[in-house]
Structure formats: C-alpha cells, structure tokens
Number of protein chains: 2
Amino acid sequence: MVAARAGVSTATVSLVTSGKTAGRVSAGNIAKVDRAVSELGYIVDGLGSSLARGRSNIVILVAPDVSNPFFAKVIDGVRGEIGDTFQLLLSVTEAGRMPTPAVVRNLLSLRPAGLLVDAPSAEFLAALPAAGPMVLLDTAGVESAAPAVNFDVAAGAVMLADHLAGLGHTTVAYLDSTTGTETFRVRREAFCRHARIHGMDVAAQAGTTIDVAAAAQAFAGAWPEWERKGVTAVVCGTDTHAYGVLQEARIARLEVPGRLAVTGFDDLPYSETSSPGLTTVRLPATELGRAAGRQLLRLLAGEDLGGADATGHTLTLGSELVVRGSTAGPGTGPGQRR
Amino acid sequence: MVAARAGVSTATVSLVTSGKTAGRVSAGNIAKVDRAVSELGYIVDGLGSSLARGRSNIVILVAPDVSNPFFAKVIDGVRGEIGDTFQLLLSVTEAGRMPTPAVVRNLLSLRPAGLLVDAPSAEFLAALPAAGPMVLLDTAGVESAAPAVNFDVAAGAVMLADHLAGLGHTTVAYLDSTTGTETFRVRREAFCRHARIHGMDVAAQAGTTIDVAAAAQAFAGAWPEWERKGVTAVVCGTDTHAYGVLQEARIARLEVPGRLAVTGFDDLPYSETSSPGLTTVRLPATELGRAAGRQLLRLLAGEDLGGADATGHTLTLGSELVVRGSTAGPGTGPGQRR
DNA sequence: CTGAAAGCGCTTACAG
DNA sequence: CTGAAAGCGCTTACAG
C-alpha cells in the first residue's frame, strides 16, 4: 500500500480514508495521511475494500426497459436518494426483457450492497436467489415477500372510469400494453371492473408494445370496428399509446375530444404540451425512485421495514387524475375542441 | 472454499470453474468438482476473483443520456457484441450530464475490464484518468488519443444540403440541439458550409434540448420571423426536433412538404411511420454499438488497434440520406403532399 | 492513539 | 496431473 509512505501503518491509512478516525487517529497523523493521499493521487481500490468488508458499495438497478422517459425519472429519483452513498449501476438487458438468472447470478457475485428491481415479472422474482437487501419498484400485481414501492394504479383507473362515466360515455375501448408487466393487467382490470359498475361498456380491446407508431397503427386498424360499436372514448394503458391514438385521430380527422375522448397513464412531459393536452393518470415516477432509494437505504442501515402486517413492507404511492383537453362528453362535436 | 469438499484442492476447483483444465486436471477430478459445484450451488465470487486477477469482468458504459431510443440501439449493439464475455453495466448520471470526475474515479476503482464512453465532451475526456482499455463512441469533433467509433455526420449533412439545394430551396432555417455535444456542432457546420457552396442561405437558427415539445414550442415561436425571411425548409439536428416541427406545422396548418420541408438526423423508428415520413440522415446506432464492442474486445485481447497513422484508432461509420415525404421543392403547395 | 497480523475469496506460479 | 503457498488490496479485531 503505497500511501503507507506517509510514515504510518496501513491500518491508520485505512482508518483515515474510510473516515473512521473519531477518537482513533491523532490529528497529526490524519494530516500526514491526507497529504500523502493527495500527493500520490491515491484512491482506495474498490475491489480490495469490498472483499475485506464483504460487500461492495454499488447498488444495481435491474429493469426491463432502460430507455423510456418514464423510467428516466425513476432513475433520477433513485440516484438523488442514494447517489452520494452508493455507486448506482444499471443492468443492461435486451430491450423489454429482464436479465436471465445467469446474468443475475453474475451481478450478485459482485456483491452489490443492494438490489433495486423495477417491474419484475412473477417468474423473475421466483428465480431470484434471495441474496441481500432488495427493494422492488412498480410491482403492482406481483406477490413477493420483499419490500416494494408501488403506484396505486387501480385507484387511478377507478378515477378514470368515474371521469369518463361522469362525462356521459357509455361505450369505450381499451388499448393495452402487451409488454406483460403486471401493472398493465391491474390497470385494465380495475378500469373494466369500475366501468361495469357505472354501466359503461368496454366494448373492445387491443394491445401493442409501448410505441407511438405501433399504437397508431393498431388504432387505425381497429377504429372502423370500434366506430361501428359506438365507441366514444379510448382508454390507453400508457401515455405513449395515447400519443399514437392522438396522432392517428388527427390524420383521420377524428375530432378529439368532440368525436373521441382519449386518456393515458403516466403523465409524461409531452402530455401537457400535446394538442389537445392528454387527460391521464399521473404516476409519480421520480417519487417512486426516491421512495425505493430511501427504503433500500433503511434496509442497508439494518432497519427492519417489516412490521407484523403483510403490508408493512409495501409502500403505495397515490396516483392522480389529470384532466386536460383530450376528454369531454361524447358527441360534443367540432368546435368544442380545447 | 466450500467446494473444496469435492475432495480436491482449491487450486483444482479454481482451474475447473475457470475452464483452464486443458491438460491440467484429470477427467475424474473435473467430474467431481462439477458435481460438488452444482450440489452446493456454488458460484465464483466476483470480488475475490477480480482481486486475484487484477481486474473485474465488468465493462462500464458511460453516457450522458441513457433514456432515448437512439441510445437504446447503441446499447443493444454493445450488449450483443460483448454481453457473453463481460458484464455490461451502465453508469447512471443526471439526465444529459456526464459523470463527475469523482464518480468516474469510483467507477474505475471497481477495476472494470474496459470502459465505453459515449458522446463525451472534450473536458470530460481531459479529466479522465488514462486507466485501462477504453473505446469512445460518437465522439465526432472531439480530439482524443483513445480509439473511437464515430458516425460520418458531416457527410450526412453534406448530402442533406445537396438534397435540399437540388430541390430548389434557397432559404432554410436550422433547428439545433443545445445539449452541447460536439456532434451537433459538426452537423450544423458541415451543413452550413455546404449550403453556402450551393448558394443556399441558412437564414435563421434556433436551438432546444432534444425534446419534441421543446422543439415544437421553439418552432412555433420562431416561425413568424422565419416565414418573413422566406424560409422554405427546416433542417433539424435530430429527428426528435423534427417531430416537434412536424407536430407544430400540423397544428398551424402548414403543409409539409408543400409549404415547408423538414429534415432530421438519426432515423429513429418513428421517422418511417410518421405522416409524412421524415427525410433524415440515418446514423447506424446498433452498428455503432457493435463496432465499439468489437474494438474493446480487441483491445482487451491485447491487440494494438493503433497503426502508425493518427486515424488508425478511429473507425468511422457511414451515414446515409433517407428521403421520405417530408421534403419536396419549395412552393409545391397543397396537394403535393405525400 | 498505533501497528502487526489475520483474513476476505479467489488465482497462479511453483514444486512435486 | 495435483496441492501447498503466496499474493491480489484492503479492513478490522486485537494487543499494546
């Protein structure tokens, strides 16, 4: 250990670099070590350090889809919360896929201080070796003993159903995400259940990946039939799907919201500035990341998040209905737009 | 080491688990070890292993913007090339920012087998300690001794200028990205230089972040003046900017391409399906990732990528002009659309 | 307050 | 072909 050339033992150096000097190292030695460290440009080797303490200081975030603006906000939240203490690293997988068990094992062999898992499938969780502190994100609909932070998407779906029914819609279509994450099932089922209560008919369904163009195409293909069925509103599983519908509606000269009401989930930035603005269920993405980061921090500090009841581990973040120009009563026709 | 209970030494186990048995371990012992390994569910500890060999098997990809569809393709390319051999991990930074020197030092202390750096600024590279194998991606316009893989964005810009001039445009506007990555400067300068050669006037410029809504807003604000100046085409630094222009043009009932031609850079998926389709310079993102992955692999294998000439380290991927419906001659008016 | 020593879990010459 | 041993760079009881 080069820095031992400060004239002290490696033990002392270690104490100083790790900030455990309180009542254990003299001020003079601290100064000496600090000087030597900066002179030599020394930097603690993460590998040796991690091996000695049994775990590294990295936190690995595992997610099926790194590249979408919604997830970017989640990451921001996590980073803001744990970024100073831990090194946050993203696992990279094929777009839309969770890592294979083999990859996870590799990840785990790095002895991360903790694991953050976003939108896992039930199978993924089942195959996950229970190793070390872990917090789940956005896992609505999946059973797990691990602490989790979720959105209350069902409540949002209910508000959406209330809103549309209140506007007088009686026949709606649902454009779902086909990525197979449980949260989408929860959204859809909650909406359909509540629509039924209001006597609102979910007359048709379609699904695509989370992609504007794919959604536009699916809507274009389905619309003739939906129109025949008397559909006056399209509820979309994500804002991205709604953008596709909005786009296609514009091309087809379908007045929104006069002829067709459109809604989404997420409240991505563009939903505010699109024309018309998109009525959507806001899911607080940044807050999700922050909350998950905080939970992990508590876990790492040795706190027991549990509590006796089963829900003690799970934090649920409220969702919120944001009403904008894309919804109005059915048949309000041209001129009502905006 | 638990697996030593296979009845052999730890050295033998290590030889087997790392696959270096060739002529060094008897078939019987290999079998014994394999059995013990699977019985115990043993998995080589990455920390100990990495420390012993001096470096880990992770490759860290550093990039300013993880969450955009273009970068997703780059990642895909990298993963496809090195994913089997190394553990690819993404560094997480504030959106649009490169990591700070302190973060990079932390990253480096994990002793990654290699580093991949996407779209770095000159300052970032200057501050980067020259540690270990590294390949730069998309670094057009930045000087560096490190091997790099770039797009020939200047050639694309030239083709674009040729195309617009050929269609008869004489006055155009340039909507740039303000993210400050050098590649955007290169695109713009190459375009402007070549426009001038054709006698085409770049009469106005504006810039926004890479965001549809921001671009739409900027265009909406600038258009009155641009129109007064006689602008008949808007050249955008990225496809995303062009989407904003396309959107705003539709709202303002500006016929594209009849009244206004619009172009982009990237060729994102949506550019093919938008209406009209977007004329753009295709930058082969996946191939960029693959090429960079391959370069790094060669570097890690100890190959010298150099060569005597300065360009020996740098691979340049060709760009390609994709002409779609968003460009036509000026003043072709309504009815010419598509 | 300080240093010598053991140990984290592996790999790799080395001697047999 | 095999095992005992040294060593990777740190941290942490432990004895002083």
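Reminder, nothing fancy here: chain letters follow the sequence lines and each chain counts from 1.
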**Prompt:** CG of A:L108 to CE of A:M134: how many Å apart, nearest 0.5 Å?
**Reply:**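 Interatomic distance, A:L108 CG to A:M134 CE, rounded to 0.5 Å: 9.0 Å.
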**Request:** Nearest 0.5 Å please: distance from the CD1 atom of B:I30 over to the CG atom of B:L15.
**Result:** 9.0 Å
State whether [X] places a side-chain N or O below 4.0 Å from either non-bridging phosphate oxygen (OP1 or OP2) of [N].
X	N	result
A:S14	D:dT11	yes
A:S49	D:dT11	yes
B:K20	C:dT12	yes
B:N29	D:dC1	no
B:T10	C:dG9	no
A:T12	C:dG3	yes

[atom1] of [X] versus [atom2] of [N]: gap in Å, rounded?
X	N	atom1	atom2	result
B:D45	C:dG9	CG	C1'	6 Å
A:K32	C:dC1	NZ	P	15 Å
A:L108	C:dG9	CG	C1'	16 Å
A:I43	D:dG9	CD1	P	14 Å
B:L51	C:dG9	CG	P	12 Å
A:L47	D:dT11	CG	P	12 Å
B:L15	D:dA4	CG	P	15 Å

Identify each donor-acceptor pair in which a side-chain atom of residues 80-92 of chain B lies under 3.5 Å from a protein atom, sequence neighbours left out, and give them as a table.
none

**Asked** Reckon B:R55 touches a base, only the sugar-phosphate, or nothing at all at heavy-atom distances under 4.0 Å?
**Response** nothing
**Message:** Does A:R53 reach a base, just sugar-phosphate, or nothing at all? Heavy atoms under 4.0 Å.
**Reply:**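 Here A:R53 touches the backbone only, sparing every base.
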**Request:** With sequence neighbours left out, write down each residue that passes salt bridge (charged side-chain N to carboxylate O under 4.0 Å, His left out) with B:D152, or none if nothing qualifies.
**Result:** none
**Item:** For B:R79, salt bridge (charged side-chain N to carboxylate O under 4.0 Å, His left out) partners two or more places apart
**Value:** B:D76
**Message:** Once pairs are restricted to Watson-Crick or G-U wobble with both distances under 3.5 Å, how does DNA chain D read as a dot-bracket string, [ ] for crossings and | for other-strand pairs?
**Reply:** |||.||||||||.|||
**Prompt:** Among all residues two or more places apart in sequence or in another chain, which pass the side-chain hydrogen bond (donor to acceptor under 3.5 Å, both in side chains) test with A:R53?
**Reply:**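 side-chain hydrogen bond (donor to acceptor under 3.5 Å, both in side chains) check on A:R53 returns nothing, list empty.
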**Request:** When you get a sec, tell me which of C:dT12, D:dG3, C:dC8 is the closest nucleotide to the side chain of B:S9?
**Result:** D:dG3
**Prompt:** Between the main-chain N or O of B:V25 and the side-chain N or O of B:T21, is there a donor-acceptor pair closer than 3.5 Å?
**Reply:** no
**Fill in**
Residue pair B:T21/B:R111 against DNA chain D: nearer the 5' end by closest nucleotide is B:T21
**Prompt:** Quick one: on DNA chain C, does B:R24 or B:G48 contact a more 5' nucleotide (nearest heavy atom)?
**Reply:** B:G48
Pairs under 3.5 angstrom only: tabulate donor-acceptor contacts from the side chains of residues 138-149 of chain B to other protein residues two or more places apart or in another chain.
from   : atom 1 : to     : atom 2 : distance (Å)
B:S144 : OG     : B:A146 : N      : 3.0

